[in-house]
Amino acid sequence: MMTVTESDAGSDAGTARRRSAALRDGLGVGLGVGVSGLAFGAAAVTAGLSVAQACTLSLVAFTGASQFALVGVVGSGGALATGTLGAVLLGGRNALYGLRLADLLRVRGWRRLAAAQVVIDETTAVATAQPDRASARTGFYVTAVSLYLAWNLTTLVGALGASRVGDPAAFGLDTLGPAVFLALLWPRLSAGGTERRVAAAAAVIAVGATPLLPSGVPVMLAAAAALPVLLRPGRGARADAEEQP
Amino acid sequence: MSVWIAVIATGVGCYALKLGGLVTPQRVLADPRVRRFADLVPVALLTALIAVQALAQNGSLQLDGPRLAGLGAAVAALLLRAPFLVVLAVAAGVTAVLRLLL
């Protein structure tokens with residue numbers, strides 16, 4: 001990741017340039033992805049949540065995949081307890097992002113309480129793509145603020161819009177949930193063979209378990225598709241070596 | 001269990017996980033295999049969600065032609081390097097048009 005030379009890192013012009021690049025990245029992702037709150041708001045109301053419930057979920061949970069997962073279970077009439085568990089487990093990746101970001105952001109005290117809420121896919125992606133700590137922090141916070149505002153505002157608009165639309169399925173809104181995940185996952189699937197094998201195994205596990213287990217459980221079970229990397233020391237060590245600069 | 005309880009519990013649970021990661025001592029990631037596993041869990045969970053949402057309805061497998069066609073169109077858009085919002089518009093648009101015609 002640290003590709004910047006010592007002399008460039010020391011110059012004010014270089015610092016300013018990298019921070020404005022981080023600002024652009026952050027605003028682009030924040031506003032671009034934030035607009036898909038429209039899809040969430042519409043999907044939530046389509047599934048049977050009230051407008052207030054959809055907005056509360058976006059304000060408090062603020063992690064798209066978990067929100068879509070809970071809404072999916074509500075819409076399919078699954079057990080709410082299992083659906084909640086599945087949605088929270090899906091948010092487990094944010095804990096892993098937090099582990100990664102703690103060293104990069106170095107937030108202390110009460111500020112950690114606020115920063116934690118915006119540790120999600122997009123902020124992690126922008127922060128870890130920056131060449132130095134200062135621009136990583138800029139990228140993280142710019143993405144966080146623009147995405148939080150856009151996501152919550154468009155959730156409200158989408159929820160109000162869908163509640164006025166007769167049959168949202170007629171507009172193809174039920175396709176938006178899986179399409180959002182597919183678009184977010186795409187760069188990783190096209191990048192690595194291990195990623196594609198884990199993805200294929202996860203899809204087989206989830207689809208195979210769907211007729212047998214309560215809604216929400218098959219998705220949780222699919223996390224097992226990533227387990228083989230724990231059992232293969234060679235592979236893990238090699239992947240680690242490739243990450244070294 | 002009411003939907004409100006599920007909404008609040010999901011929100012609080014998700015926040016607790018985010019905070020937990022941020023305050024966990026860094027030595028947990030010392031083992032490269034754990035790092036690799038942590039890296040791949042989101043891939044597994046998100047793919048599982050895509051598969052279930054594409055192929056299942058009410059806890060049973062059910063093929064919905066327009067929805068699958070919409071996702072196929074999304075894949076085509078991604079292969080053509082279309083921007084995020086274009087991918088979503090294509091997916092929903094293809095599904096909607098097919099439902100109108102069929």
Side-chain angles (χ1 to χ4, degrees), chain A residues 32 49 53 56-57 60-61 63 66 70 72 74 76-77 80-81 84 87-88 90-96 98-99 102-103 112 116 119 170-173 175-179 181-183 185-186 188 195 198-199 202-203 206-207 210-211 215 218-219 222-223 225-226 229-230 236-237 239-240, chain B residues 1 3-4 6-15 17-24 26 28-29 32-33 35-38 40-61 66-67 70-71 74-75 78 84-85 87-88 91-96 99:
Chain A
L49 273 75
Q53 284 164 341
T56 303
L57 202 51
V60 183
T63 178
S66 299
L70 180 66
V74 172
S76 65
L80 287 179
T84 302
V88 171
L90 205 54
R93 70 190 190 290
N94 293 326
L96 305 173
L99 273 176
D103 178 56
R112 279 203 289 204
V119 171
F171 295 90
L173 297 185
T175 310
L176 283 179
F181 295 136
L182 192 62
L185 204 53
W186 195 260
R188 297 211 46 194
E195 273 79 358
V198 167
V207 171
T210 290
S215 192
V219 171
V229 294
L230 280 179
D240 186 51
Chain B
M1 190 167 170
V3 173
W4 266 117
V7 165
I8 300 294
T10 299
V12 171
C14 287
Y15 177 74
L17 283 169
K18 293 171 183 171
L19 187 63
L22 215 48
V23 302
T24 300
Q26 290 290 300
V28 179
L29 289 183
R33 286 174 301 171
R35 271 212 298 280
R36 188 74 180 127
F37 175 70
L40 285 169
V41 164
V43 174
L45 292 179
L46 291 176
T47 312
L49 264 182
I50 296 168
V52 167
Q53 291 183 351
L55 299 172
Q57 190 101 44
N58 298 321
S60 63
L61 298 181
R67 189 188 301 160
L71 285 173
V75 169
L78 286 165
F84 188 74
L85 290 177
V87 173
L88 301 190
V94 166
T95 303
R99 289 220 173 104

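Because only heavy atoms are used, hydrogens play no part in the values below, and waters and symmetry mates are left out as well, while side chains stay in.
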Of the backbone (N, CA, C, O) and the side chain (C-beta and beyond), which part of B:Val23 lies under 4.5 Å from a heavy atom of chain A, both, or neither? both
Hey, is the main chain of A:Ala61 close enough, under 3.5 Å, to the side chain of B:Lys18 for a donor-acceptor pair? yes
Applying a strict 4.5 Å limit to non-hydrogen atoms, the region of A:Arg188 in contact with chain B is side chain
For A:Leu182, is it the side chain, the backbone, both or neither that has a heavy atom under 4.5 Å from a heavy atom of chain B? both
Toward chain A, the part of B:Leu55 with a non-hydrogen atom under 4.5 Å: side chain
Among B:Leu71, B:Thr24, B:Val94, the residue with the most heavy-atom pairs under 4.5 Å to chain A is B:Leu71
Interface residue of largest heavy-atom contact number with chain B, from A:Gly91, A:Ala95, A:Gly92, A:Ser66, under 4.5 Å: A:Ala95
Region of B:Val87 in contact with chain A, defined by heavy-atom distances below 4.5 Å: side chain
Return the option, out of A:Ala199, A:Ala223, A:Ala87, with the maximum number of heavy-atom pairs under 4.5 Å with chain B. A:Ala199
Minimum heavy-atom distance between A:Val88 and B:Leu17, given as atom pair plus value: O-CD1, 3.0 Å
Selection from B:Leu88, B:Val52, B:Leu78 maximising heavy-atom pairs under 4.5 Å formed with chain A: B:Leu78
Residue, of A:Leu99, A:Leu70, A:Val207, A:Asn94, that accumulates the most heavy atom pairs under 4.5 Å with chain B: A:Leu99
Would you give the length of the straight line joining atom OG1 of B:Thr47 to atom CG of A:Leu185, rounded to the nearest 0.5 angstrom? 4.5 Å
Which residue in the set A:Thr63, A:Val60, A:Leu80, A:Leu57 passes side chain to side chain contact (heavy atoms under 4.5 Å, CB included) when paired with B:Thr10? A:Leu57
Measure from the side-chain N and O atoms of B:Arg67 to the backbone N and O of B:Gln53, and report whether any donor-acceptor pair falls under 3.5 Å. yes
Treating B:Thr95 as the side-chain partner and B:Pro66 as the backbone partner, does any N or O pair qualify as donor plus acceptor under 3.5 Å? yes
Quick one: closest heavy-atom pair of B:Phe37 and A:Val229, and the distance? CA-CG2, 3.6 Å
Looking at chain A, which one of B:Cys14, B:Gly70, B:Gly21 has the largest number of heavy-atom pairs inside 4.5 Å, strictly under? B:Gly21
Quick one: closest heavy-atom pair of A:Ala202 and A:Ala222, and the distance? O-CB, 3.6 Å
